[in-house]
Amino acid sequence: MNNLLEIKTRIAELLKQAAEQAQREGKLPEVALPEISVERPQKAENGDYASNLPLKLARSIGKNPMEIAAAIAGLIPATPEMLSVEAAAPGFINFSLRPEWLNRQVDSILEAGDNYGDIDIGKGQSVQVEFVSANPTGPLHIGHGRGAVLGSTIANVLEASGYNVEKEYYINDAGSQMTAFYRSLLARYRQANGIDVEMPQEGYFGQYMIDLGREMKAEYGDRFIHLPAEEAESELGKIGVTKMLALIRSDLGKLGVEFDCWFSEQSLYDNGQFAKVTALLRAAGHLNEKEGATWFVSSALGEDKDNVVIRSTGTSTYFGTDIAYHYNKFIERGFNRVIDIWGADHQGHVSRMGAVMGALGVDPKRLRVIISQLVTLKRGGECVRVSKRSGDMITLRDVIDEVGVDACRFFFLARSADSQMDFDLELAKKESSENPVYYVQYAHARIASILKLAGEEGLDFSDGDVSLLTGEPELALVRLMLQLPEIVEFAARTLEPQGLPHYAQDLATSFHSFYKLCRVISHENSAQTKARLKLVAAAKVILARTLGLMGMTSPETM
RNA sequence: GCGCCUGUAGCUCAGUGGAUAGAGCAUUGGUCUUCGAAACCAAGUGUCGUGGGUUCGACCCCCACCAGGCGCACCA
């Protein structure tokens, strides 16, 4: 038994066996047992784990929960790791771990090293996490940053949970927004060449397009001026998209986000996959023709209405290609699970994708769409615009430069994807410089500094005896460190990683508090010094792992 | 009008149907001759939007309403 995740399962088994034994012995009536939940009490005085099984049973048994609790608790055998099993009002059974078991785990943590926290709920299943996927029509804004941080962290957590993870960026390099981008670029390029032309109405008016037009002129001169518009658009467009993607890739790199695969929407047409999928759907009766367009009959699958997949002009809609894209994900590439992270403006798209799963014969549970709510950027309470369609904007890069990568990541992660958030630049800078981002990193740097000192003094603590770690601050820190696998498990199961930053803060608090109360390197007590150095080294492992999962750095000095 | 999300401390936000609802910021008081004071310790603040319901027990589940956001295209 090497971590608390296993202990939790073990406790549930013990409870089940004890309850069944009580029933056999006639101490409890024979009723079906409810699902046994084992939780972590909020108050330390209630032990390390608790179960509400007696409270749940009281319903069907019609007995006082405390009596049930006492009956069950009395039948739970002694185990090497458990100090006590107690019935507690109003009907809990509380479990406390032995200090001598707890402190021994410090050695396990050191042994596991960077792998501590790994669990195996994924069992090698393949899962694709697709996120950001912004049109390559301009720089990323703060909202994309939120999706990027969320997606990369979810990918990290799934990886740590035993999944085989692939991170993908879907490049919308086809469709009407790209056409608008091409036309805008041609207009700006012509303007850069001194030709007085108007921007297309649906165009991208940001300053970056003017810059891009000038850049094209600087690099290619008037090469595209004399081409027919269509040809110029396409030639310029190809180069422009490449440049935009490079920009996006570098912005994401700055945020610490990298992808395994950049998947082109256009490729779905080029390799015939779109045609293949529409043929399949048509054969299965999911498509019909109406008003000159081809519709997906989602109303037959429980949706409010049908949706166009191929316009009367013959081009596919976003929805249409997304069907082919998901066919590709599930059928062609065979991912066991797919997680799509979309912005709030794609909300309406979610339920019809569910219908698509049905039409493709794929279990809808294999697709999970996470909607990350809007981010409004503020500066001292004033709204700042982030739209790339019009005018000046603050880009993701600007925010990272101003606030810092680690602070950005921490801020995004601490909030649930479901809540829309105000990102106040002033507040973010202020809070991050004082707390909680640097607070956590400071704990790591402090530990690094202690270990450095130990090294300078030639202290070898590899033979440290962790059983000496019996003080309350020491054990409190150990208890918290051992929770990492549970934090990872929860995040992986719910795909909500906001537990990580909160856990990181708790760890830091526990460490700082320990540090204040317990002198680590002491010349009077070499055995205690060695034991505490082990504890501190293990705390460093846990902090670094937690920060690593969040995609944050673990500084040795600050 | 319909759908999704949100409403918790002055502010920004956590909160797996359970035991006295939490953290940071801000505010107020203490702590540095010893390993990093970017730290520690202590104090205070809540009709958990409102009203019903389910339950032994609800911030959490259900219904209605109020407020804010986002969708509801042959845009993406």
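Everything quoted here is computed from the prediction, not taken from an experiment. Here is how names work: the chains are called A, B, and so on, in the same order as the sequence lines, proteins then strands, and each is numbered from 1.
Residue contacts for A:A58: at a heavy-atom cut-off of 4.0 Å it reaches no nucleic acid atom on any strand shown. Using a 4.0 Å heavy-atom distance criterion, A:R352 is classed as a base contact. Among the protein residues, A:L453 comes within range of the sugar-phosphate backbone only, with heavy atoms under 4.0 Å from sugar or phosphate atoms but none that close to a base. Within the 4.0 angstrom heavy-atom criterion, base atoms lie near A:A445. As judged by a 4.0 angstrom heavy-atom cut-off over every strand, A:D306 is placed among residues making no nucleic acid contact. Here A:Q420 lies in heavy-atom contact (under 4.0 Å) with a base. Contacts of A:Y515 with the nucleic acid, taken as non-hydrogen atoms under 4.0 Å apart, include base atoms. A:E291 comes within 4.0 angstrom of a base, heavy atoms only.
Under the rule for a side-chain contact (heavy atoms from CB on, under 4.5 Å), the partners of A:F319 that lie at least two apart in sequence or sit in another chain are A:F296, A:N307, A:V309, A:T317, A:I323, A:H349, A:R352, A:M353, A:V356. With sequence neighbours excluded, the residues forming a salt bridge (Lys or Arg N to Asp or Glu O under 4.0 Å) with A:E489 are A:R493, listed by chain and number. Applying the salt bridge (Lys or Arg N to Asp or Glu O under 4.0 Å) test to A:E86 and every residue at least two apart in sequence or in another chain returns nothing. Among residues two or more places apart in sequence or in another chain, the salt bridge (Lys or Arg N to Asp or Glu O under 4.0 Å) test is passed with A:R282 by A:E289. Considering only residues two or more places apart in sequence or on other chains, A:Q420 meets the side-chain contact (heavy atoms from CB on, under 4.5 Å) condition with A:Q373. For A:N525, the side-chain contact (heavy atoms from CB on, under 4.5 Å) partners at least two apart in sequence or on another chain are A:S522, A:A527, A:Q528. Here A:E456 pairs with A:K452, A:L453 under the side-chain contact (heavy atoms from CB on, under 4.5 Å) rule; sequence neighbours left out.
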Write out a two-atom table: protein N or O, nucleotide N or O from nucleotides 57-61 of chain B, distance below 3.5 Å.
| from | atom 1 | to | atom 2 | distance (Å) |
| --- | --- | --- | --- | --- |
| B:rG57 | O6 | A:R59 | NH2 | 3.1 |

Nucleotides 41-44 of chain B: which of its N/O atoms have a protein N/O under 3.5 Å away?
| from | atom 1 | to | atom 2 | distance (Å) |
| --- | --- | --- | --- | --- |
| B:rC41 | OP1 | A:S513 | OG | 3.3 |

Dump every N/O contact between nucleotides 10-12 of chain B and the protein below 3.5 Å, one line per pair.
| from | atom 1 | to | atom 2 | distance (Å) |
| --- | --- | --- | --- | --- |
| B:rU12 | O2' | A:R415 | NH2 | 2.4 |

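Side-chain atoms of A:T546 do not come within 3.5 Å of backbone N or O of A:A504 as any donor-acceptor pair. Side-chain atoms of A:E474 come within 3.5 Å of backbone N or O of A:G471 as a donor-acceptor pair.
The side chain of A:R446 has B:rA39 as its nearest neighbour among B:rA39, B:rA19, B:rU20. Side chain of A:D345, nearest nucleotide from B:rG36, B:rC72, B:rC70: B:rC70. Candidate nucleotides B:rA37, B:rA14, B:rC40 were compared by shortest atom distance to the side chain of A:Q498, and B:rA14 ranks first. For A:D418, the listed nucleotide lying nearest its side chain is B:rC5; candidates were B:rC5, B:rA76, B:rA19. Of the candidates B:rG24, B:rC74, B:rG69, B:rG24 carries the atom nearest the A:P436 side chain, counting heavy atoms from C-beta on. When each of B:rU20, B:rA26, B:rC35 is scored by its nearest atom to the side-chain atoms of A:K43, the top-ranked nucleotide is B:rU20.
Rounded to the nearest Å, the gap between the P atom of B:rG44 and that of B:rG22 is 13 Å. Nucleotides B:rA39 and B:rU20 are separated by 33 Å at their P atoms, to the nearest Å. With C1' as the reference atom, B:rC66 and B:rU50 are 7 Å apart, rounded to whole Å.
Residue pairs meeting the side-chain hydrogen bond (donor to acceptor under 3.5 Å, both in side chains) criterion with at least one member in residues 498-510 of chain A, sequence neighbours excluded, are A:Y439-A:T509.
Judged by atom type and distance alone, A:S312 reaches the base of B:rC74 through a side-chain donor-acceptor pair under 3.5 Å. The base of B:rA14 does not come close enough to the side chain of A:D506 for any donor and acceptor atom to sit less than 3.5 Å apart.
When base pairs are accepted only as Watson-Crick or G-U wobble with both N-N or N-O distances under 3.5 Å, RNA chain B takes part in stems of 3 or more pairs at B:1-7 with B:66-72, B:10-13 with B:22-25, B:27-31 with B:39-43, B:49-53 with B:61-65.
The minimum heavy-atom distance between A:A443 and A:L543, with the atom names listed, is CB-CD1, 3.9 Å.
Taking side-chain N and O atoms only, A:S419 has a distance below 4.0 Å to OP1 or OP2 of B:rA14. The side chain of A:S176 places an N or O atom within less than 4.0 Å of a non-bridging phosphate oxygen (OP1 or OP2) of B:rA76. Side-chain nitrogen and oxygen atoms of A:K516 include none within less than 4.0 Å of the OP1 or OP2 phosphate oxygen of B:rC35.
Taking the six-membered ring for Trp and thresholds of 30 and 60 degrees, A:F411 and A:F423 have ring planes inclined between 30 and 60 degrees apart.
With no hydrogens or angles considered, no side-chain donor-acceptor pair links A:T294 and A:N288 at under 3.5 Å.
In terms of position on RNA chain B, the residue among A:T313 and A:T557 whose nearest nucleotide sits closer to the 5' end is A:T557.
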